[in-house]
Every structure is written in structure tokens, then in C-alpha cells.
Amino acid sequence: MLRTHTCGDLRRTHVGQTVTLCGWVDKYRDHRGIVFIDLRDRYGKTQIKFNLSDDSDIQKTAWDLRYEDVVQVTGEVVERPADMTNPKLATGEIELRAKDLVVLNKSKTPPFEPEGQSLPNEELRLKYRFIDLRRPELQKAMIMRHKLTKATRDYFDSLGFLEVETPILGRSTPEGARDYLVPSRVHQGSFYALPQSPQLYKQLLMVGGLDRYVQIARCFRDEDLRADRQPEFTQIDVEMAFITREDLLQVIDGLVAAMTKAMRGIDIKLPLPRYTYNDVMERFGSDKPDLRFGMELVDIKDVAEKCEFGVFKQTIANGGRVRGINAKGAADKYSRRILDNDMKNLVADYGAKGIAYFKVTGGKLDSSIAKFFTEEQQQAIIAKLNGEEGDLLLFVADTNKVTSAALSALRSRLGRELQLYDPAEINVAWVLDFPLVTWNADENRWDAEHHPFCSVVPEDEQYFDTDPGRVRASSYDLICNGYEAASGSIRIHDPVMQQKVFDLLKINAEEAEKRFGFLLEALRYGAPPHGGIALGLDRWVMLYAGYDNIRDVIAFPKTQKASDLLTGAPSEVDTRQLRDLHIAISERK
RNA sequence: GGGGCCGUAGCUCAAUUGGUUAGAGUACCGGACUGUCGAUCCGGGGGUUGCGGGUUCGAGUCCCGUCGGCCUCGCCA
């Protein structure tokens with residue numbers, strides 16, 4: 001080892017010892033006769049002192065040290081004078097009096113300092129990721145990520161799960177996200193697909209009798225990115241045989257408790273709260289509401305259909321809905337300009353044509369449209385939304401879908417801006433009973449809400465032929481702070497039932513055989529009842545770390561256009577490589 | 001594919017209504033300094049204002065296009 005201790009180790013108890021540290025030059029303070037260096041590694045920082053009277057040769061070398069040089073320093077741990085300790089450093093009561101200095105590697109002037117006064121733009125940080133990774137915030141994320149996977153493996157190991165690796169080079173099963181494709185050299189014109197998830201493999205493992213499976217699995221989806229979405233990401237992928245939905249929920253409750261203990265050191269209360277899909281959609285307008293605060297959606301159909309405000313009245317007459325939320329005490333916090341522009345633009349993103357708002361003042365509604373509501377109607381609105389003096393009531397009139405999406409977005413923004421919750425809180429809950437299928441108006445058919453292998457809540461089978469939209473899936477999502485944090489279901493293990501679902505989705509037998517034949521065949525050879533779930537590992541790390549961006553918890557993330565600014569991927573390749581793969585690039589337009 | 005924000009020195013930012021030689025802090029280079037911890041002080045170098053067009057007597061500023069980064073709708077079974 002080139003060092004005896006790390007830069008975070010040394011304390012008053014080490015005084016008098018001769019030690020060797022290695023690290024990066026974080027700061028240098030050159031007084032000519034005396035030079036101070038803050039030496040940094042991932043464990044901390046230690047002040048090094050070079051004194052001219054001690055050894056002038058070392059001193060001269062110390063004069064030339066610059067940011068991010070990598071050095072090895074040997075010296076004696078000495079106590080700092082009482083008035084010169086640094087309470088900002090864990091090692092601030094001591095310093096290292098240098099006797100020997102080796103410059104292990106001189107650094108070019110770095111494009112930015114890891115702990116400089118201001119963080120450079122993300123483009124530069126991504127290009128020089130190896131420097132960005134020296135920042136404590138990114139190192140914290142990598143450490144948390146390690147701890148989370150460790151806690152996960154320990155937890156499932158204790159329950160007898162087997163970690164099984166599934167192929168990265170697999171078969172493309174169209175539908176769902178776009179696949180990343182890998183051309184085959186041996187099979188001209190054929191392609192492998194990178195897995196969007198190990199979904200089919202883990203079901204095959206259940207048929208294979210492996211019973212309890214877990215994998216920290218890399219997944220790939222060629223879709224547009226978001227702050228919480230990367231083209232390649234990691235799932236904690238789980239599948240179990242011979243279980244009910246209840247069994248699965250309890251196992252994952254335990255996992256969430258183990259993860260929270262490992263990441264935050266706290267014991268969360270079990271069982272995790274459970275909501276139904278219909279419940280959260282009605283109360284929060286979202287299938288993944290942030291449950292750290294209330295501000296639930298309220299339907300005011302009774303008032304809206306009778307009032308003289310045309311937009312409300314017409315919407316109800318056309319079969320739509322008028323729903324609103326109460327931003328407690330926010331009447332004076334938003335100007336008319338913000339409400340008429342910013343808030344309107346926000347809901348417009350979700351298809352809403354406008355936003356109606358009232359301030360509760362003197363027991364009445366104050367608004368440019370208040371005149372369209374009788375005294376009685378105003379009181380009814382105030383009562384329904386529990387309005388009090390100084391509250392701001394916001395309404396959207398549109399289809400059920402649009403009011404949900406728009407008010408959910410409004411609620412998220414208001415909750416954040418009005419600071420209605422503790423940003424550090426981790427609030428996890430189950431959402432159960434998603435619809436099995438949703439109507440796809442464009443294609444004139446039913447689409448699977450989760451995936452085509454999801455089983456049905458038994459008492460809803462009766463609606464299969466008459467009212468498919470009413471059939472609930474035996475599925476479940478974990479939600480955390482407004483993010484979808486996990487998703488799973490009890491699967492279909494009966495080939496007859498599977499065929500019924502394919503029929504509903506208008507996937508004909510021939511097509512099903514072509515796409516998923518291997519799975520259907522497996523179901524015919526004694527497939528046990530089984531189900532599972534997949535947790536988005538990156539998102540969980542992001543949430544536990546308190547970051548709002550998934551890139552900050554991934555060592556080498558990609559940009560919104562899915563390129564890697566550090567390596568330059570994706571890149572053009574040699575024509576010879578293309579020839580081996582029988583691939584020709586058509587002219588760019 | 002659509003909408004929004006952004007791009008000026010290595011970095012973070014400024015630059016009046018379109019008007020003189022595009023500035024500041026920091027970094028970098030040189031000098032001074034034995035107790036600093038955002039060290040301080042003195043001096044210096046450093047610019048294709050992302051790129052390409054256009055309007056104008058004159059463009060960092062206005063217009064069009066394009067490239068890149070971020071946020072977002074669609075998309076993500």
C-alpha cells in the first residue's frame with residue numbers, strides 16, 4: 001500500500017505517529033515560508049503543512065503543487081495550536097507535518113474544481129465525469145447505491161432467494177418500448193434485442209422450478225429520456241412461485257424496510273399503506289401521487305351543473321367533470337399574472353383549456369368569475385373544499401382524464417412551492433388493482449395496462465366479455481414521493497386464460513405463437529402459479545439520496561439524446577465492421 | 001415529433017435602446033509573504049460571444065437555420 005491511513009482517518013489520538021497519506025490536492029495556500037495543502041480522498045481531507053525550516057527541498061516541491069495533483073506525503077501527525085483548529089474538517093484538530101513528498105502524478109489544469117465555488121454546467125461535468133466523480137455528492141450516491149444493492153442481496157438471501165443471471169442478448173418481442181438491437185454476424189439479417197426487463201426469463205425460471213428468484217438486472221429501453229429515466233437502468237427484479245398477491249406484498253414490505261434501514265437508519269412502519277388505483281386516481285388524479293401532503297381533488301359537479309358559468313355548465317352537460325383543489329392560505333402567494341399565465345400554461349400541457357380560481361375572502365369567493373355563482377353556490381363550493389379565509393381554490397373543467405392530469409400537476413407544483421412537506425421524507429405506499437386494459441382509441445382496440453401476462457382479479461372475470469375496461473388486474477405498484485418506484489403482478493399460469501387475454505388484446509393465435517410462443521409452450525408444461533415485481537434501483541437511490549435527477553446516482557449516465565459525452569458513444573463504426581454484420585447505412589436525409 | 005429555458009475568457013457570470021477597444025470574480029503565469037483554511041497583496045497573459053446565414057452605417061444583443069445541454073408533452077406493455 002502506498003498509504004498507511006486515509007485522509008479521513010487522523011484524529012488527536014494519532015498525534016506523534018509517522019504516517020503516509022495519498023490523495024488529490026484540494027487546496028493550496030502558499031505563504032512561501034510555510035505551505036498548506038488540503039489533501040483529499042474519498043474519506044475526507046487532511047491539512048498538510050510544509051515548513052521551510054524543516055526541509056527546504058520538500059518545500060520547493062510543495063511550491064509547485066496545483067489543483068488535482070496526486071501526491072503521497074509522509075510525515076508526523078501533530079496537534080494544531082488551539083486557535084488554529086478547523087471545525088469544518090473531521091481531521092481539523094490535527095495536521096500532517098510533511099517530511100517527504102512524492103508527486104505521483106501531476107495534473108493538467110482541471111476544467112473545473114470538484115469542490116469549487118460554483119458547479120459548472122452539466123455538459124462539462126459529463127465530459128469530465130472522472131473529475132465530477134471526485135465530488136462528495138457523487139461519491140455519496142455511489143456509496144448509497146452500493147449499500148442498497150448489498151442490503152437487497154442480504155435480504156433476499158436470508159429468505160432463500162437465488163440470484164440468477166438472464167441473457168442480455170435476447171429475442172425482440174415487439175410491443176412495449178422500442179428495443180435496442182444488436183445485429184447478428186452469424187445470422188445475416190437477424191438481430192438480438194437487449195432486454196427491456198427480464199420479464200419472460202424470470203417467468204421461465206419459475207416454470208423451471210427455481211421458485212424464488214432475484215436479480216440486480218440491467219434493462220434497456222430506446223425511448224425518450226426524462227430527469228428520472230435513462231436508456232439503460234437497473235431493476236431489482238423479483239419473481240416467486242406458489243404465492244398469493246398478499247405473500248408478495250409482505251415480502252416487498254420487508255425489502256422496503258430493509259432498504260430504508262440501510263439507507264436512512266430508520267425503521268419504517270409496516271405494513272405499507274395500500275391504496276387502490278381507483279382511489280388514488282379519484283383523490284389525487286394520478287396513479288403515483290406524492291402522498292407526503294394532502295390537497296386532495298374535490299368534485300363540484302352539483303354546483304357546476306347549476307351555476308351560470310358557461311364553461312362549468314357545458315363541461316358537465318357534455319359528460320365531463322369539474323374538479324378542484326384547495327391551496328390552503330395561498331390566496332396572497334400567487335399573483336393574477338402567475339395564475340393566468342404560468343398556471344394556465346402548466347395545465348395546458350395536459351390538455352386543459354384553462355384554469356378557474358377563487359380566493360376565499362370575507363366568507364365569500366373573490367374572483368373575476370364569482371358573479372356567475374349565487375351566494376348559495378359559493379357557500380357550497382367553500383364547504384366542499386373546506387375553504388377558509390385566505391385559501392386559494394383552483395378548478396379545471398374537462399374530461400375525467402384531463403382534470404386528473406392537470407390537477408395532479410398543479411397539486412405537485414403547489415405542494416412544492418408552498419412547502420407542504422419535508423423534502424427529506426420518504427413516503428412509500430402500494431397502489432393495487434390497476435385496470436387490466438385501457439382503450440386505445442387510435443388503434444381501436446384494448447391495450448394491456450401492465451403487460452399481456454398479468455392475471456385478473458378473480459371476481460372480475462365475469463366482465464371479461466361484456467365490459468373489459470372494468471376488469472381489474474392482479475397488479476401492484478410501489479409509489480414513493482410521486483415516483484413509480486416498483487411495478488409487478490401475479491402472472492397468468494394457465495394457457496387457456498392467457499389465450500383469453502391475447503384474444504382481448506387482439507393478438508391472434510398465430511401472432512402470439514410467433515411473438516411469445518416459447519412462453520406459451522412453457523405454460524403448457526406445468527407452470528406453477530407465480531408473480532413478481534421489479535423495483536427501479538436508480539430511482540430508489542435518487543429518492544434516498546434526496547436528489548431530483550437520476551444521472552446523479554449513475555456513474556456514467558447518458559444525456560437526454562442518449563449520448564455519452566465522455567466516451568462519445570454512440571459512434572460511427574468502421575465500414576468493415578458493418579460489412580461483417582451485413583449492414584448498409586442508407587443515405588442521411 | 002411538439003413546447004419551454006440556456007450557450008459570452010479554462011470555469012461561473014455581466015455587458016443600458018442595436019453603438020467606442022466585450023468586463024468582473026475565479027482559475028492560469030510571474031513576483032512578495034512562516035499559521036493559512038474561499039489565504040492575502042502586486043503585476044501579466046487569455047475571447048471565432050456554439051456554428052452558418054440575414055437585416056443594419058453598426059449585431060453578444062434583432063431575424064432565419066443549425067448543433068449541443070437541461071426541463072417537459074407525446075412516448076416509456
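Protein chains get the first letters and strands the later ones, always in sequence-line order, with residue 1 at the start of each. The basis for the numbers below is simple: all heavy atoms, side chains too, and nothing from hydrogens, waters or symmetry mates.
When the salt bridge (Lys or Arg N to Asp or Glu O under 4.0 Å) test is applied to A/R40, the partners found at least two apart in sequence or on another chain are A/D26, A/E68, A/E115.
Here A/D224 does not pair with A/K561 in a salt bridge; the nearest charged N to carboxylate O distance is not below 4.0 Å.
Look at the C1' atom in both B/G3 and B/G74: the space between them is 11 Å, to the nearest Å. Using atom P as the reference point in both B/C71 and B/C57, the two lie 43 Å apart (nearest Å).
Among B/C70, B/C28, B/G68, the nucleotide with an atom closest to any side-chain atom of A/E123 is B/G68.
With rounding to whole Å, A/L346 atom CG is found 17 Å from B/C71 atom P.
Residues from residues 469-481 of chain A with heavy atoms under 4.0 angstrom of RNA chain B: there are none. Within residues 433-440 of chain A, no residue has any heavy atom closer than 4.0 Å to RNA chain B. Taken residue by residue, residues 227-236 of chain A places heavy atoms nearer than 4.0 Å to RNA chain B at A/A227, A/R229.
Side chains of A/Q203 and A/F453 form a contact here, defined as non-hydrogen atoms less than 4.5 Å apart.
For B/U26, the paired base is B/G10 (Watson-Crick or G-U wobble, both distances below 3.5 Å).
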Which atom pairs link the protein and nucleotides 10-14 of chain B when you take only N or O atoms and keep those under 3.5 Å?
unit_1, atom_1, unit_2, atom_2, d
B/G10, O2', A/P111, O, 3.4
B/C11, O4', A/P111, O, 3.3
B/U12, OP1, A/N121, N, 2.7
B/U12, OP1, A/N121, ND2, 3.2
B/U12, O4', A/S118, OG, 3.3

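Checking A/E223 against A/N549, the closest nucleotide of RNA chain B that is more toward the 5' end is the one next to A/N549. The 5' end of RNA chain B is approached more closely, in terms of each residue's nearest nucleotide, by A/T109 than by the other of A/E449 and A/T109.
The main-chain N or O of A/K45 is found under 3.5 Å from a side-chain atom of A/T91 such that the two form a donor-acceptor pair. In this structure, A/E95 contributes its side chain and A/T85 its backbone to no donor-acceptor pair below 3.5 Å.
If you check every strand for non-hydrogen atoms under 4.0 Å, A/R226 touches a base.
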Practice problem: Report the C-alpha distance between A/D398 and A/K353 in whole Å, list the side-chain angles of each, state the deciding distance to 0.1 Å, and finish with yes or no for salt bridge (charged side-chain N to carboxylate O under 4.0 Å, His left out). | Solution: CA-CA 8 Å; A/D398 214 299; A/K353 288 177 273 304; 3.3 Å; yes
Quiz item: In B/S/- notation, 5' to 3', how is nucleotides 34-42 of chain B contacted by protein heavy atoms closer than 4.0 Å?
Solution: BBBBBB---
